[in-house]
Amino acid sequence: MSESEQERAPRGIDTTKPSVSRVYDYMLGGKDNYEIDRQVAAAALKIAPDAPEAARANREFLRRTVHHLAAEAGIRQFLDIGSGLPTQGNVHEIAQAVAPQSRVVYVDHDPIVLVHGRALLAVDASTTIVEADAREPEKILEDPKTRSLIDFDKPVGLLMFGILHHLADDEDPAGVAAALLRPLASGSHVVISHFHNPGEAHPEVSEQAYEAERIFNEHLGTGRWRTREEILSYFDGLELLEPGLVPLPEWRPGSDDRATPGITYHTFVGGVARKP
């Protein structure tokens, strides 16, 4: 890392350790990443050369699902857990294009996300960013900023794009999801995207998923490619919308989708469900 690059990093940002958000930003073609992030990305690309396409597929899934919640389900308030670095097509932009009165609470604990998020996501009184870890659902729900924008007596769109697979098994991701859903009113919706190991259905892809998991856990902390049954458990008690839990490009694709994942096609899945 050059001195000039270190100088460009915002205060409080450790450029000697890779960040999930910054690696993801690099995969999406962003500029908020550093040499250490690009090194980790290079290692990941050896295992999954189409990883940038998987990242784009996740952004397209976000766009389609948020639009559905705003346009079809009538959701006007959104809680985005692990929002990541701002990029084109943020949640508030998609929702407010349908319903300008939509309110969005972004939640993250990565320092660089908070730096950029406060500048770009908390644009007016209808959006804010809360500093909290997904492992602390009560802290998120009780935060004054959350309470200022979210009326828990009305339906909420709970968004968990690519976050639960960063929780280890002993951190009870299903329990975290349930705790976040518990106070939400009937008619609320949850959207989840998650790394997936397809097992015997796709043996070659399953091997790739295990190797990707190994690389991830060596360099970026926790990353779990879970089974279909494990991921479906996050939707317990909810009404899963058609087409169910599927590879991201298969969830109600649109004519303007461009992502074309290859080997990662079956290792990144998502679904949307309604709370009865």
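As the structure is a computational prediction, the values presented were derived from the model and not from experiment.
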Contact summary for [X] and [Y], nearest pair of heavy atoms:
X: Ala179; Y: Pro137; result: CB-CG, 3.7 Å
X: Arg226; Y: Leu167; result: NH2-O, 2.6 Å
X: Pro52; Y: Leu45; result: CD-CD2, 3.4 Å
X: Ala55; Y: Met27; result: CB-CB, 4.0 Å
X: Ile75; Y: Ser102; result: O-OG, 4.4 Å
X: Glu250; Y: Pro253; result: O-CD, 3.7 Å

How many angstroms lie between atom [atom1] of [X] and atom [atom2] of [Y], to the nearest 0.5 angstrom?
X: Thr267; Y: Asn197; atom1: OG1; atom2: CG; result: 8.5 Å
X: Glu60; Y: Arg56; atom1: CD; atom2: CZ; result: 8.5 Å
X: Gln77; Y: Gln101; atom1: CD; atom2: CD; result: 11.0 Å
X: His194; Y: Arg228; atom1: NE2; atom2: CZ; result: 13.5 Å
X: Lys145; Y: Thr127; atom1: NZ; atom2: OG1; result: 10.5 Å

List the steps and the verdict of side-chain contact (heavy atoms from CB on, under 4.5 Å) for Val20 and Phe216.
CA-CA 9 Å; Val20 172; Phe216 200 103; 3.9 Å; yes
Neighbour count >12 (heavy atoms, 6.0 Å) for atom [atom1], [X]:
X: Lys275; atom1: NZ; answer: yes
X: Tyr26; atom1: OH; answer: no
X: His109; atom1: NE2; answer: yes
X: Gln39; atom1: CD; answer: yes

Assign the ring pair Phe195 / Trp225 to parallel, tilted or perpendicular, where the plane angle (0 to 90°) is split at 30° and 60°.
parallel
CA sep, side-chain torsions, deciding dist, call: Leu141, Thr146, side-chain contact (heavy atoms from CB on, under 4.5 Å):
CA-CA 6 Å; Leu141 295 168; Thr146 304; 5.5 Å; no
When clusters are formed by joining ILVMFWY residues with side-chain heavy atoms under 4.5 Å apart, either directly or through shared neighbours, do Leu158 and Val104 land in the same one?
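No, because Leu158 and Val104 fall into different hydrophobic clusters, even though each may have its own neighbours under 4.5 Å.
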Is Phe161 linked to Val107 within one hydrophobic cluster, defined over Ile, Leu, Val, Met, Phe, Trp and Tyr using a side-chain heavy-atom separation of less than 4.5 Å?
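Different clusters.
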So that I can tick it off, tell me whether Glu218 and Arg214 are bridged by a salt bridge, with the cut-off set at under 4.0 angstrom between side-chain N and carboxylate O.
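Between Glu218 and Arg214 there is a salt bridge, with a charged N closer than 4.0 Å to a carboxylate O.
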Check whether any side-chain heavy atom of [X] lies under 4.5 Å from a side-chain heavy atom of [Y], and answer yes or no.
X: Arg103; Y: Ile150; answer: no
X: Phe268; Y: His165; answer: yes
X: Val23; Y: His219; answer: no
X: Ser83; Y: Val91; answer: no
X: Leu238; Y: His189; answer: no
X: Asn90; Y: Arg59; answer: yes
X: Val191; Y: Val66; answer: no

Arg22: which of Asp37, Asp32, Asp110 passes side-chain hydrogen bond (donor to acceptor under 3.5 Å, both in side chains):
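Output: one option passes, namely Asp37.
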Apply side chain to side chain donor-acceptor pair (under 3.5 Å) to Asn58 and Tyr24, showing your working.
CA-CA 11 Å; Asn58 192 46; Tyr24 186 58; 3.1 Å; yes
Quickly, which of Asp108, Ile140, Asp133, Leu159 forms a side-chain contact (heavy atoms from CB on, under 4.5 Å) with Ile81? Name it, please.
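Among Asp108, Ile140, Asp133, Leu159, the one meeting side-chain contact (heavy atoms from CB on, under 4.5 Å) with Ile81 is Ile140.
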Asp169 vs Arg224, side-chain contact (heavy atoms from CB on, under 4.5 Å): CA-CA, chis, key distance, verdict:
CA-CA 8 Å; Asp169 293 348; Arg224 286 281 285 110; 3.1 Å; yes
